Amino acid sequence: MSSPAPPLRHDETEVLPAGGNRVLRLLAPLLMGALGALAYGLRGVQQWRGLEERSWDLAIFSQVARDYSELRAPIVPIKGDSFNLLGDHFHPILVVLGPVWAVWPSPLSLLWVQAVLMGISAVPLTRLAIDRLGAGAGLLAGAAYLFGFGLQAAADVQFHEIAFALPLLAFSLTALLRGRFVAAIAWAAPLVLVKEDMGLTVAVLGAVIALRSPLARRGGMGLAAWGLGWFVLSTFVVLPALNPGGQYDYGGNLGSPLDVFVPVEKWTTVLMLLLAAGVIGARSPIMAAMLPTLAWRFAGNVEFYWGWYWHYNAVLMPIALAALLDALGDRHSDERRPRPLVRWTAVVASAAVTLVLWSALPLANLGRATSWEPSPRAEAAAAAVDAVPGDVVVASDITVMARLVPHDDVQWVHGTNARVPDCVLIDREAFSWGGQDPGDAASWASGNYGTTFDEVMTENGFEVACRPGTT
């Protein structure tokens with residue numbers, strides 16, 4: 001990658017527009033962030049009403065939030081008996097979910113937390129884009145980030161810990177481009193608490209800062225060492241120590257080195273990320289911060305890692321916009337900026353990749369009346385959840401698993417738990433059964449657990465069976 005236009009020097013002060021333009025600069029990013037938070041939050045409400053469950057992750061993180069709210073270790077029976085989730089991925093930052101759950105003990109609270117974090121992340125980046133590109137192009141660039149395919153896909157698969165990385169990355173990268181290197185380091189440092197692989201991203205950001213300014217070299221090198229040290233410590237010490245199997249569970253997901261370059265789906269993802277950076281963003285050294293995430297994903301043998309969907313691209317989107325803004329330069333201080341046609345072409349390219357996909361993206365559902373209608377099975381699902389007594393061990397499939405977390409000890413019907421549950425809640429139409437009807441819940445549970453279960457309720461595919469005497 002060739003070097004972009006020179007960044008702001010560490011001693012330069014930010015040039016502020018006057019009058020109405022200054023109001024636009026201050027308020028427009030806040031309004032856009034609020035709009036994004038509202039849009040993603042409402043999409044979460046649609047999913048909740050429509051019984052849309054993409055995986056077991058929302059239920060898992062709900063158990064974590066409940067544990068932290070009760071000042072307990074994050075033990076997640078859905079993953080296995082006495083399974084400490086800090087032995088799965090290193091995300092101690094999730095402790096901040098505890099107070100949220102204490103106030104609003106519902107998985108919906110996690111969806112709104114993620115929505116708000118996404119909205120917040122757009123504020124500094126959009127403000128920087130307005131400062132560097134002007135109001136029109138800046139707002140378009142901010143919108144392309146906030147409503148881009150990376151964040152939409154992450155919201156569609158519901159809550160994940162990487163939501164906390166978005167504002168940290170956004171504020172750090174914005175500070176970096178403004179030449180405020182101490183602030184950039186301070187915002188980047190906590191990323192190591194989001195997930196173990198983020199330590200490598202922090203290390204790259206530290207290297208970029210060190211190369212950016214001689215005066216920031218020592219701080220940048222310190223940040224790089226901090227990130228690399230936490231990656232090694234969390235991956236090879238903390239995670240194995242807390243993991244029930246005494247290992248890092250995802251080390252076995254690595255394939256052959258030659259597989260990094262195939263299949264073509266991986267190159268499609270790279271192309272989409274380049275477009276999100278307006279293509280010209282590839283000139284910026286900031287793009288190097290994408291490499292750690294892309295490396296573990298493309299080296300992995302899990303197909304979900306390779307594509308543009310799921311939540312894996314979300315942390316790359318702030319990097320893409322920052323690289324775009326870096327490559328296009330600052331209109332106040334850069335005499336070598338690309339011409340207006342190049343700047344607008346780059347910004348439009350960053351938005352076009354999402355616009356082409358818009359009808360298939362989750363936020364398009366906000367404009368569809370049918371998406372606001374509750375699932376025709378919603379009443380049956382609610383009845384099934386209500387039929388399970390409180391404070392019992394219940395085994396469930398994915399459809400209503402998260403809804404059971406606030407008042408029960410939940411495990412997965414397909415899991416490895418040795419505990420015999422008090423009740424079983426089955427959705428005979430759940431995708432986790434692989435299209436094969438398990439039969440009635442009482443018979444299935446009795447055969448699976450080797451003890452008697454009695455039918456409690458059955459309605460529209462949902463069935464609850466409990467052991468005799470369970471109340």
Side-chain angles (χ1 to χ4, degrees), residues 7-8 10 12-14 16 25-34 36-37 40 91 93-94 96 113-133 138-139 141-146 148 150-151 154 161-195 198-199 201-210 212-213 216 219-220 222-224 226-227 230 276-277 281 284-290 293 314-326 330:
L8 289 170
H10 76 284
E12 286 186 288
T13 57
E14 183 181 342
L16 295 177
R25 173 193 178 271
L26 294 174
L27 293 184
L30 291 173
L31 292 174
M32 181 174 291
Y40 285 119
H91 39 50
I93 200 168
L94 293 184
V96 303
V113 165
Q114 178 166 266
V116 170
L117 290 170
M118 288 178 170
I120 290 173
S121 72
V123 175
L125 289 169
T126 303
R127 186 165 290 155
L128 177 66
I130 292 173
D131 289 348
R132 290 199 156 204
L133 305 177
L139 287 172
Y145 160 75
L146 180 56
L151 267 62
E161 70 281 289
I162 52 87
F164 285 96
L166 298 178
L168 293 173
L169 279 168
F171 281 105
S172 177
L173 292 167
T174 299
L176 190 161
L177 290 178
R178 292 194 186 281
R180 300 171 181 168
F181 299 113
V182 173
I185 292 169
W187 282 110
L191 283 166
V192 299
L193 306 178
V194 175
K195 195 163 170 275
M198 293 304 298
T201 301
V202 170
V204 174
L205 289 176
V208 171
I209 291 171
R212 199 85 171 184
S213 168
L223 181 65
W226 167 266
W230 270 106
S284 170
I286 290 174
M287 284 290 280
M290 288 191 181
T293 298
V315 296
L316 304 181
M317 305 311 287
I319 298 170
L321 178 53
L324 168 65
L325 297 177
D326 189 31
D330 187 346

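From a predicted model like this one, the values you see are computed outputs, not experimental measurements. Numbers for residues simply follow the sequence, beginning at 1.
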Quick one: closest heavy-atom pair of [X] and [Y], and the distance?
X	Y	result
G227	V192	CA-CG1, 4.1 Å
L139	A28	CD2-CB, 3.8 Å
E161	V194	CG-O, 3.3 Å
P318	A314	CD-O, 3.2 Å
L133	A141	CD1-CB, 4.4 Å
L128	R178	CA-NH2, 3.5 Å

Check the pair W226, I185 against side-chain contact (heavy atoms from CB on, under 4.5 Å), reporting the backbone distance first and the verdict last. CA-CA 10 Å; W226 167 266; I185 292 169; over 6 Å; no
Under a plain distance cut-off of 3.5 Å, with no hydrogens placed, do S121 and Y145 share a side-chain donor-acceptor pair?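 Indeed, the side chains of Y145 and S121 share at least one donor-acceptor pair under 3.5 Å.
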Test your reading of the model: is there a side-chain donor-acceptor pair from T126 to the backbone of A122, 3.5 Å cut-off?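 Answer holds: yes.
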Is there a donor-acceptor contact under 3.5 Å from the side chain of R127 to the main chain of L26?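 Answer holds: yes.
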Test side-chain contact (heavy atoms from CB on, under 4.5 Å) on L324 and R132 and set out the steps. CA-CA 11 Å; L324 168 65; R132 290 199 156 204; over 6 Å; no
Rounded to the nearest 0.5 Å, how far apart are CD1 of I319 and CG of L173?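 Result: 6.5 Å between the selected atoms.
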CG of L125 to CG of L146: how many Å apart, nearest 0.5 Å?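 If I round to the nearest 0.5 Å, the distance is 10.0 Å.
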Among D131, L177, T174, whose side chain to side chain contact (heavy atoms under 4.5 Å, CB included) with L325 holds?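 One option only clears the test, and that one is L177.
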Apply side-chain contact (heavy atoms from CB on, under 4.5 Å) to residues L191 and L168 and explain how you reach the verdict. CA-CA 7 Å; L191 283 166; L168 293 173; 3.7 Å; yes
Assess whether side-chain contact (heavy atoms from CB on, under 4.5 Å) is satisfied between I120 and F171, documenting all intermediate values. CA-CA 10 Å; I120 290 173; F171 281 105; 3.9 Å; yes
